[in-house]
**Q** 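Mind looking over this structure? Questions follow.
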Amino acid sequence: MKHLLYPGSFDPIHWGHLDVIRRAADLCDRLTVAVAINHSKKSLFSVEERVDFISQLTADISGVQVLGFEGLLVDLFREQKANAVVRGLRAVSDFEYEFQMALMNRSLEDSLETVFLVPSQERIFLSSRIVKEVARLGGDITSHVPPLIQEALREKLGS
Ligand code: PNS
């Protein structure tokens with residue numbers, strides 16, 4: 001029974017994240033999508049909203065559970081008895097940060113392996129930060145996030 005843990009801020013989830021979720025779910029029996037509560041980073045959506053969006057958008061994928069977490073990822077990894085952590089890798093620019101995180105996590109928990117998945121090419125440039133910025137400025141995000149998120153961004157930003 002392989003259990004993968006996919007942590008992130010998902011503020012909000014976009015098609016790139018969903019692409020990684022589908023790829024990861026295909027590789028394991030159970031996939032936990034873990035939404036981080038980070039008090040030092042101001043998020044647009046609450047953790048409850050982010051968990052709810054992801055739950056709705058992954059309802060058709062078997063073996064996926066979604067939860068919020070606070071604190072260290074390694075503690076959740078141990079608590080969930082996961083086999084590995086999944087992260088999406090979009091570009092070389094992601095690499096340094098991801099590499100640091102993977103090594104720090106492994107230094108905290110020797111059994112923690114990080115597996116990197118590359119989203120499909122048409123999703124590779126997506127980031128939640130850019131999606132929010134474009135939405136805030138009234139740009140078209142219809143091809144970058146699911147309709148549920150488009151609506152939520154419209155409501156939240158009044159755009
Ligand atoms: O989507 P993000 O913002 O790149 O996700 C980053 C996240 C949430 C995976 C990372 O910040 C994290 O693991 N936070 C939990 C706190 C922690 O364990 N920090 C040390 C990791 S090196």
Side-chain angles (χ1 to χ4, degrees), residues 2-25 28 30-61 63-90 93-117 119 123 126-136 141 144-159:
K2 288 283 174 236
H3 179 191
L4 297 178
L5 185 58
Y6 180 29
S9 302
F10 306 108
D11 185 40
I13 189 161
H14 53 64
W15 285 123
H17 294 129
L18 285 159
D19 183 296
V20 170
I21 288 174
R22 285 191 185 276
R23 287 170 200 281
C28 61
R30 194 170 147 210
L31 176 69
T32 298
V33 182
V35 179
I37 302 170
N38 183 349
H39 293 295
S40 63
K41 199 167 156 185
K42 173 118 185 65
S43 60
L44 181 62
F45 294 100
S46 70
V47 68
E48 291 80 13
E49 288 172 315
R50 288 177 278 155
V51 167
D52 178 51
F53 296 150
I54 302 171
S55 302
Q56 290 190 53
L57 293 166
T58 58
D60 65 323
I61 311 173
V64 176
Q65 65 162 347
V66 189
L67 47 80
F69 81 103
E70 202 168 359
L72 285 174
L73 180 64
V74 287
D75 291 335
L76 182 72
F77 176 82
R78 289 185 190 121
E79 189 188 299
Q80 290 286 319
K81 299 185 177 22
N83 299 102
V85 166
V86 170
R87 291 283 290 168
L89 206 54
R90 294 163 301 185
S93 53
D94 281 346
F95 187 74
E96 192 170 340
Y97 169 60
E98 295 296 336
F99 193 63
Q100 279 175 344
M101 262 201 317
L103 288 175
M104 173 56 83
N105 282 329
R106 188 190 276 158
S107 81
L108 296 169
E109 168 58 62
D110 197 43
S111 71
L112 192 155
E113 294 295 346
T114 304
V115 177
F116 295 106
L117 296 180
R123 307 291 182 207
L126 280 177
S127 78
S128 299
R129 185 184 59 78
I130 286 179
V131 164
K132 280 182 286 194
E133 185 174 319
V134 172
R136 200 171 271 128
I141 49 156
H144 306 317
V145 292
L148 175 73
I149 305 298
Q150 289 165 34
E151 190 48 43
L153 281 166
R154 239 192 311 274
E155 271 179 31
K156 192 71 85 171
L157 300 170
S159 54

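Because the structure is a prediction, the values reported are computed rather than measured.
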**Q** Using side-chain heavy atoms (C-beta onward) and a distance below 4.5 Å, is Glu70 in contact with His39?
**A**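 Touching, per the 4.5 Å side-chain cut-off.
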
**Q** Evaluate the criterion side chain to side chain contact (heavy atoms under 4.5 Å, CB included) for residue pair His144 and Val134; output intermediate values, then yes/no.
**A** CA-CA 11 Å; His144 306 317; Val134 172; 6.0 Å; no

**Q** Identify the heavy atoms of Ala84 and Val115 that sit nearest to each other, and give their distance.
**A**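 Closest approach of Ala84 to Val115: CB-CG2, 4.0 Å.
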
**Q** Quick one, Thr58 and Leu31 - any side-chain contact, counting heavy atoms below 4.5 Å?
**A**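 Heavy-atom side-chain distance check fails, nothing below 4.5 Å.
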
**Q** Enter the distance from Met101:CE to Leu112:CG here, rounded to the nearest 0.5 Å.
**A**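 Rounded to the nearest 0.5 Å, the CE-CG separation comes out at 11.0 Å.
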
**Q** Indicate the atoms forming the closest heavy-atom contact of Asn38 with Ser40, along with that distance.
**A**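 For Asn38 and Ser40, the tightest heavy-atom pair comes out as OD1-OG, 2.7 Å.
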
**Q** Any side-chain heavy atom of Arg87 within less than 4.5 Å of one from Pro7?
**A**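 Yes - at least one pair of side-chain heavy atoms lies under 4.5 Å apart.
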
**Q** Hey, is Glu151 close enough to Arg154 for a salt bridge, meaning N to O under 4.0 Å?
**A**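 Looking at Arg154 together with Glu151, the answer is yes, because their closest N to O distance falls below 4.0 Å.
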
**Q** Give, for atom CG of Leu148 and atom CG of Asp52, the distance between the pair rounded to the nearest 0.5 Å.
**A**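 Rounded to the nearest 0.5 Å, the CG-CG separation comes out at 7.5 Å.
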
**Q** For the pair Phe53 and Phe45, name the ring-plane relationship: parallel under 30°, tilted 30 to 60°, perpendicular over 60°.
**A**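 Ring orientation, 0 to 90° scale: perpendicular.
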
**Q** Return the minimal non-hydrogen interatomic distance between Ile61 and Ala25, and the atom names on each side.
**A**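 Heavy atoms only, the tightest pair is CG2-CB, 3.6 Å.
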
**Q** Quick one: pull up CZ in Arg129 and CG in Leu126 and give me the separation to the nearest 0.5 Å.
**A**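 With rounding to 0.5 Å, CZ (Arg129) is 12.0 Å from CG (Leu126).
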
**Q** Whether the side chain of Arg136 engages the backbone of Leu157 through a donor-acceptor N/O pair (distance < 3.5 Å, no angle test) should be reported.
**A**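 Here the side-chain-to-backbone pair does not exist.
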
**Q** So do Leu67 and Leu76 actually touch side chain to side chain, heavy atoms under 4.5 Å?
**A**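 Yes, at least one pair of side-chain atoms sits under 4.5 Å.
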
**Q** Should Leu153 and Val131 count as side-chain neighbours, where that means a heavy-atom distance under 4.5 Å?
**A**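 Side-chain contact under 4.5 Å: yes.
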
**Q** Distance-only, no hydrogens or angles: does the Asp11 side chain make a donor-acceptor pair with backbone N or O of Leu44 under 3.5 Å?
**A**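 Flag set: sc Asp11 to bb Leu44 pair under 3.5 Å.
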
**Q** To the nearest 0.5 Å, tell me how far Phe99 CZ sits from Met104 CE.
**A**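 Atom-to-atom, Phe99:CZ and Met104:CE are 13.0 Å apart.
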
**Q** Verify the distance criterion only: is there a donor paired with an acceptor across the side chains of Glu109 and Asn105 at less than 3.5 Å?
**A**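 On atom types as modelled, these side chains do not qualify, holding no pair under 3.5 Å.
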
**Q** Let me confirm one number: the CD-CG distance from Gln80 to Asp75, rounded to the nearest 0.5 Å.
**A**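 The CG atom of Asp75 is 12.0 Å from CD of Gln80, to the nearest 0.5 Å.
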
**Q** With side chain to side chain contact (heavy atoms under 4.5 Å, CB included) as the test, would you mind laying out the steps for Val33 and Ile13 before giving the verdict?
**A** CA-CA 11 Å; Val33 182; Ile13 189 161; 5.9 Å; no

**Q** Please walk me through it: do Arg22 and Asp60 pass salt bridge (Lys or Arg N to Asp or Glu O under 4.0 Å)?
**A** CA-CA 10 Å; Arg22 285 191 185 276; Asp60 65 323; 3.1 Å; yes

**Q** Is Glu133 atom CD crowded by more than 12 heavy atoms from other residues, nucleotides or ligands, each under 6.0 Å away?
**A**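 Atom CD in Glu133 is not packed in, count stays at 12 or less.
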
**Q** Any side-chain heavy atom of Ile149 within less than 4.5 Å of one from Ile141?
**A**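 Not touching, per the 4.5 Å side-chain cut-off.
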
**Q** Is there side-chain contact between Pro146 and Gln56, with heavy atoms separated by less than 4.5 Å?
**A**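 Side chain of Pro146 against side chain of Gln56, heavy atoms only: no contact under 4.5 Å found.
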
**Q** Would Lys156 and Lys132 count as a side chain to side chain contact (heavy atoms under 4.5 Å, CB included) if you check the C-alpha gap in whole Å, the side-chain angles of each, and the deciding distance to 0.1 Å?
**A** CA-CA 10 Å; Lys156 192 71 85 171; Lys132 280 182 286 194; over 6 Å; no

**Q** To the closest 0.5 Å, what do you measure between CZ (Arg30) and CG (Leu5)?
**A**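 Interatomic distance, Arg30 CZ to Leu5 CG, rounded to 0.5 Å: 9.5 Å.
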
**Q** If every non-hydrogen atom of Pro119 is compared with every non-hydrogen atom of Gly16, which pair is closest and at what distance?
**A**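 Residues Pro119 and Gly16, closest heavy atoms: CB-O, 4.2 Å.
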
**Q** Measure the shortest side-chain to side-chain distance between Ser128 and His17 over non-hydrogen atoms and say whether it is less than 4.5 angstrom.
**A**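 Yes, side chains in contact.
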
**Q** Any chance you could lay out the side chain to side chain contact (heavy atoms under 4.5 Å, CB included) test for Lys81 and His3, step after step, and finish with the verdict?
**A** CA-CA 8 Å; Lys81 299 185 177 22; His3 179 191; 5.5 Å; no

**Q** Determine yes or no for a side-chain-to-main-chain donor-acceptor pair under 3.5 angstrom, with Gln150 supplying the side chain and Val145 the backbone.
**A**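 Checked: pair present.
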
**Q** Phe116 and Ala102: which non-hydrogen atoms are nearest, and at how many Å?
**A**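 The pair with the smallest heavy-atom distance is CZ-CB, 4.3 Å.
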
**Q** Should the pair Tyr6 and Phe10 be assigned to parallel (<30°), tilted (30 to 60°) or perpendicular (>60°) ring geometry?
**A**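 Tyr6 and Phe10: perpendicular rings.
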
**Q** Give the minimum heavy-atom separation between Arg50 and Ser9, together with the two atoms involved.
**A**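 Heavy atoms of Arg50 and Ser9 come nearest at NH1-O, 2.8 Å.
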
